[in-house]
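Notes follow the structure.
Predicted model only: the values in this text are computed from it and were never measured.
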Amino acid sequence: MSTNTGEDRGPEVTLPPLPSFSLRLFVSGDTELSVAAETRLRSLCERRLPGGYQLEVIDVSEHPELADEDQIVVIPTVVRLAPIPQRRVMGDLSDDVRTAAALGLPDPDQVVFGRGRE
């Protein structure tokens, strides 16, 4: 037998988790453009996917075989590996809105404590 406390909270609603995002950023060396692209992408991910992403940075000058495997022809390039389908954004990543849209990142106001959508 359950005890009624007088509080009617209604049915418990569980928000679906945001998909875990896996991103790979291809850069070339420690150039100003490479550093700026990584900084912009990390900042964008922290705002749009707090705690819900993995970012792997690959320097093609050190690992050209990885660029060949992923058929990278422009640096910098970010590849969204997950969730599928895979998506790519090429260039300096300076336009946050376009970069986020191209990568399918959620709007900041849709993120609820980094765990679900409203």
Side-chain angles (χ1 to χ4, degrees):
M1 187 163 142
S2 65
T3 304
N4 187 348
T5 62
E7 293 181 38
D8 183 13
R9 296 183 185 164
E12 191 169 314
V13 177
T14 304
L15 296 173
L18 284 173
S20 180
F21 279 75
S22 178
L23 305 167
R24 183 176 291 156
L25 176 63
F26 290 88
V27 297
S28 183
D30 197 19
T31 65
E32 185 177 323
L33 182 61
S34 295
V35 171
E38 181 179 353
T39 300
R40 286 183 188 119
L41 184 58
R42 286 189 189 279
S43 175
L44 180 63
C45 288
E46 283 302 318
R47 283 182 277 123
R48 300 269 183 139
L49 304 166
Y53 72 97
Q54 293 179 312
L55 176 59
E56 177 183 13
V57 179
I58 297 176
D59 184 341
V60 298
S61 64
E62 294 178 13
H63 301 286
E65 71 283 0
L66 296 176
D68 287 341
E69 284 176 22
D70 281 348
Q71 299 176 344
I72 302 300
V73 295
V74 175
I75 300 298
T77 293
V78 60
V79 179
R80 185 186 81 180
L81 302 171
I84 56 173
Q86 188 179 93
R87 294 184 178 185
R88 293 170 181 245
V89 177
M90 296 170 269
D92 66 6
L93 312 178
S94 61
D95 187 331
D96 282 355
V97 174
R98 291 181 73 183
T99 300
L103 292 173
L105 304 182
D107 290 329
D109 59 346
Q110 290 180 320
V111 177
V112 180
F113 302 112
R115 300 198 35 89
R117 296 180 184 194
E118 293 183 292

Report summary line: Residues passing the side chain to side chain donor-acceptor pair (under 3.5 Å) test with Asp92, sequence neighbours excluded, are Ser94
Report summary line: With sequence neighbours left out, the residues meeting side-chain contact (heavy atoms from CB on, under 4.5 Å) with Thr31 are Leu33, Ser34
Requested in this report: Go through the steps to decide whether Asp96 and Arg48 satisfy the test salt bridge (Lys or Arg N to Asp or Glu O under 4.0 Å), and finish with yes or no.
Outcome: CA-CA 10 Å; Asp96 282 355; Arg48 300 269 183 139; over 6 Å; no
Requested in this report: Please examine the side chains of Ile58 and Leu25, heavy atoms only from C-beta on, and report whether any two atoms are closer than 4.5 Å.
Outcome: no
Query raised in the report: Looking at residues at least two apart in the chain, or sitting in another chain, which of them share a side chain to side chain donor-acceptor pair (under 3.5 Å) with Glu46?
Result: Tyr53
Report summary line: Ser43 meets the side chain to side chain donor-acceptor pair (under 3.5 Å) criterion, sequence neighbours left out, with Arg47
Query raised in the report: Under the salt bridge (charged side-chain N to carboxylate O under 4.0 Å, His left out) test, which residues partner Arg42, sequence neighbours left out?
Result: Glu38
Report task. Take Cys45 and Leu23 through the side-chain contact (heavy atoms from CB on, under 4.5 Å) test and state the conclusion after the steps. Result -> CA-CA 10 Å; Cys45 288; Leu23 305 167; 3.4 Å; yes
Report task. Any salt bridge (Lys or Arg N to Asp or Glu O under 4.0 Å) involving residues 27-36? Give me the pairs, sequence neighbours left out, ordered by first then second residue. Result -> none
Query raised in the report: Got more than 12 heavy atoms from elsewhere within 6.0 Å of CZ, Arg98?
Result: no
Query raised in the report: Side-chain heavy atoms under 4.5 angstrom apart, residues restricted to Ile, Leu, Val, Met, Phe, Trp, Tyr: same cluster for Val57 and Leu105?
Result: yes
Query raised in the report: So if you build clusters from Ile, Leu, Val, Met, Phe, Trp, Tyr with side-chain heavy-atom gaps below 4.5 Å, do Leu93 and Phe26 land together?
Result: no
Expected list for residues 68-86: side-chain donor-acceptor pairs under 3.5 angstrom, two or more places apart:
unit_1 : atom_1 : unit_2 : atom_2 : d
Asp70  : OD2    : Arg24  : NH1    : 2.9
Thr77  : OG1    : Val74  : O      : 2.4
Arg80  : NE     : Pro83  : O      : 3.0
Arg80  : NH1    : Leu103 : O      : 2.8
Arg80  : NH2    : Pro83  : O      : 3.1
Arg80  : NH2    : Pro85  : O      : 2.7

